[in-house]
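Okay, structure first, notes after.
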There are 4 protein chains.
Amino acid sequence: MSPPKAPDPSRRSERSRQAILDATHELLFDIGYPKLTIEAIAAKAGVGKQTIYRWWPSKGAVMFDSLLAHQREEGGALPDTGDVEADLKLVLRATVAQFNDPVLDGMTRALAVEIQNDPSLGREMVDRLLGPQLEATKDRIRSAQRAGQIAEDLDLSVVVEMIFAPLFHRWMLRTAPLTPEYADSVVEMALGGLRPAACRAG
Amino acid sequence: MSPPKAPDPSRRSERSRQAILDATHELLFDIGYPKLTIEAIAAKAGVGKQTIYRWWPSKGAVMFDSLLAHQREEGGALPDTGDVEADLKLVLRATVAQFNDPVLDGMTRALAVEIQNDPSLGREMVDRLLGPQLEATKDRIRSAQRAGQIAEDLDLSVVVEMIFAPLFHRWMLRTAPLTPEYADSVVEMALGGLRPAACRAG
Amino acid sequence: MSPPKAPDPSRRSERSRQAILDATHELLFDIGYPKLTIEAIAAKAGVGKQTIYRWWPSKGAVMFDSLLAHQREEGGALPDTGDVEADLKLVLRATVAQFNDPVLDGMTRALAVEIQNDPSLGREMVDRLLGPQLEATKDRIRSAQRAGQIAEDLDLSVVVEMIFAPLFHRWMLRTAPLTPEYADSVVEMALGGLRPAACRAG
Amino acid sequence: MSPPKAPDPSRRSERSRQAILDATHELLFDIGYPKLTIEAIAAKAGVGKQTIYRWWPSKGAVMFDSLLAHQREEGGALPDTGDVEADLKLVLRATVAQFNDPVLDGMTRALAVEIQNDPSLGREMVDRLLGPQLEATKDRIRSAQRAGQIAEDLDLSVVVEMIFAPLFHRWMLRTAPLTPEYADSVVEMALGGLRPAACRAG
DNA sequence: GCTTAAACGAGACGGTACGTCCAGTCTTACT
DNA sequence: AGTAAGACTGGACGTACCGTCTCGTTTAAGC
């Protein structure tokens, strides 16, 4: 008859929620996502398994919330020194550093994996994690357009992907090591294009 | 004492090998990689589990071999009409189509996922699947360089990633639908760069 | 510090008590004792689980009260036609019928089972259900003694068990079907004894 | 299609079977049947749960096999001194002692309980445990019949129940303590019957 | 062709984790 | 204060697979 009876969020135990998120984060750090189990989270958090199953649909969802809860509030705007090339290189070098950090590497891979199995998780990730960063980058690009450094007639969604995707690709498929120099190359090539051109040196 | 005793490949049963690869392929198609189990493969192939464990180190490795065995021999060179932009658009549109094919989509995602857990699988994949395609693309780029359509002083590894990565990014993270038009945009933007038009028409 | 705080019976909700007893009875009928759960009783009765735990110590106790509340008031004296054999046969045939009634069968088994785990429940059952019937039988036996049909120097507690125990034994251990004829045999054999005797036919 | 796939008894591990039976027996002794869990048995036996589920349908069945495996081989004939009353008193006093032994008490109650939920278990119990004892008693009665101590025209199934049932009844329902004297009373009353003395001395 | 050692199918084994169910306790809001 | 509701910790349930380990049974190489 009734849809399987949804729990009442107003009665949710904040204490348990926090304990679960903390335990998950710690376990991700200690043993990594593939070895992470609901049972281990429950045990470490001092929580019944049912409490996890009551509020999250999957292991991936718990991990995602845990990631959100524990990331520092970095979502600021990009630097704007007036030199778009330098600013983008700075950002991409930072991204390279993140990918090379063992902990972040593990968690980000886990997240990427889980998105493959659970598209709804992917949507949320795009909205809450990736989206804001891409938006900030778009803002910086727009600023550069006003400064005449970037062409006007471009689809900014494609632009930001042109910039970030190569890093993601190399990291995810491990085709080659991710270095700061690679970040620089990507920025330069994206800005200048592949064609031979007198004005490339700008 | 003795090293764990390697099996003798010369006595391997070709019949069983094929049955396992076929069963895996069919199960990947039917139930998807995450639900795929060694037991199911063994049962479907009419094979003992040990026979799988004897010859493959992991579920991912079986799947990878199965993928290799069942893909058509496409590894040829890229078309070369003299117009590098048109040729690249053609290739990228084909790639888009592959990503949008439900079966290939599922299997490629499975492969990408498994690479996260098993770097050695990643290396093999890069060598046997991704590498050849990137090499073929590099060849086409080199041809375009000789024709004066592409700058000479570029790191080709970065170039091919500039071209393919945006598709991969959008597909993997599901940030937006993958369309042929998107493929065109990527090619145009990569070739022309992001800077204002003055220098773009080349 | 304080003893665990006994609830005040004067404030007990009669409405809830009845609802619990009714729900229990109905569930016993529907799904049987082994599958009966406190949660199901509470849900069916529209009552909080705590209200059950507050007033009853165990599932068995609830069931016992439910049984008491729903049985008809039968605790009268045995018939006394002057023929003790006939009267006992009548009573034992009625007992056989009760054991063969599917509903009573299930509930009585449940009760018997629960007594094994909870001796205090056993005591109460003996006092309130079994005792009265045995007492009534003892009265009938005493009447027969006065009429010279039964020996004087007998321990009546043993006598009544001689009469009822065989039925209980056969029912509980399912050694053979319980029939009215069996009831007759038991009465005849108990009265006449096992020895070969000229006077047995009476 | 296929019936859920029966395991092949010829490949059964005798070592595991014994370990399970032993662990069960020990746990029955230590914590009692109601607190006995399959998980505890598996853990104590050093065995996977599946191995228990593979070979036994229920907790009760394991316990029953464990009981059978650990009982001493007592299934012999009753004593026959020529005095049936004395012999029966001996047997019933032994039965009383068994019921009063704390370990046997617990296990027998557990068995009796389980029979209520699982009639098939009851049948097996009757066949393998209770039956033989009743048959031995019937043999002794038959011998007494030949000696002229017991009437010829009696249903022996009823006779043995007349003798054993009162003990069982008093034990199971805890109506009164089980004593050797009670055993004697039962034998005397069963043999002599309830009618007045005139015909009783036989 | 016969022997013999390997790979093979089958599947039982000790385990781990799953997702569900319910016990019994605790919390919150209502009567 | 007792109650309805239901979230909580805890723990057993029975299931699904894991990867390992026997079992006979092919099967193919080397004598």
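The sequence lines fix the lettering, A, B, ..., with proteins before strands; numbering per chain opens at 1.
Residues B:V62 and B:L36 fail the side-chain proximity criterion, which asks for heavy atoms closer than 4.5 Å. Between B:F64 and B:E124 the shortest side-chain heavy-atom distance falls below 4.5 Å. The side-chain heavy atoms of A:Q116 and B:Y33, taken from C-beta on, include no pair separated by under 4.5 Å. The shortest side-chain heavy-atom distance between C:R17 and C:W56 falls under the 4.5 Å cut-off. Residues C:D22 and C:E26 form no side-chain contact, since every pair of their non-hydrogen atoms from C-beta on lies 4.5 Å or further apart. Side chains of A:I115 and B:R174 form a contact here, defined as non-hydrogen atoms less than 4.5 Å apart. Contact of the C:M63 side chain with the C:M107 side chain is not registered, since no non-hydrogen atoms from C-beta on lie closer than 4.5 Å. Counting heavy atoms from C-beta outward, D:M125 and D:L67 have side chains that stay 4.5 Å or more apart.
Under 4.0 Å is where a charged nitrogen must lie from a carboxylate oxygen, and between D:D105 and D:R109 at least one such pair does.
Atom C1' of nucleotide E:dA7 and atom CH2 of B:W56 are separated by 13 Å, given to the nearest angstrom. Separating the CZ atom of A:R12 from the P atom of F:dC8 is a distance of 8 Å, rounded to the nearest angstrom.
Take the nearest nucleotide of DNA chain E for D:P7 and for C:K35: the residue whose nucleotide is more 5' is D:P7.
At most 12 non-hydrogen atoms from other residues, nucleotides or ligands lie less than 6.0 angstrom from CZ of A:R15.
The stretch residues 37-44 of chain B does not touch DNA chain E, since none of its heavy atoms comes less than 4.0 Å from the strand. Against DNA chain E, the stretch residues 13-21 of chain B makes heavy-atom approaches under 4.0 Å through B:S13, B:S16. Against DNA chain F, the stretch residues 45-55 of chain C makes heavy-atom approaches under 4.0 Å through C:G46, C:V47, C:G48, C:K49, C:T51, C:R54, C:W55.
The two atoms that bring D:P7 and D:P9 nearest to each other are O-CD, 3.3 Å, heavy atoms only.
Applying the side chain to side chain contact (heavy atoms under 4.5 Å, CB included) criterion to C:A45, with sequence neighbours excluded, gives C:A19, C:I20, C:A23, C:V47.
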* Structure fact -> Whether each nucleotide of nucleotides 23-31 of chain F has a protein heavy atom under 4.0 Å at its base (B), only at its sugar-phosphate (S) or at neither (-) is summarised, 5' to 3', as B---BB---
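The list of salt bridge (Lys or Arg N to Asp or Glu O under 4.0 Å) pairs with a residue in residues 49-59 of chain A, not counting sequence neighbours, reads A:E39-A:K49.
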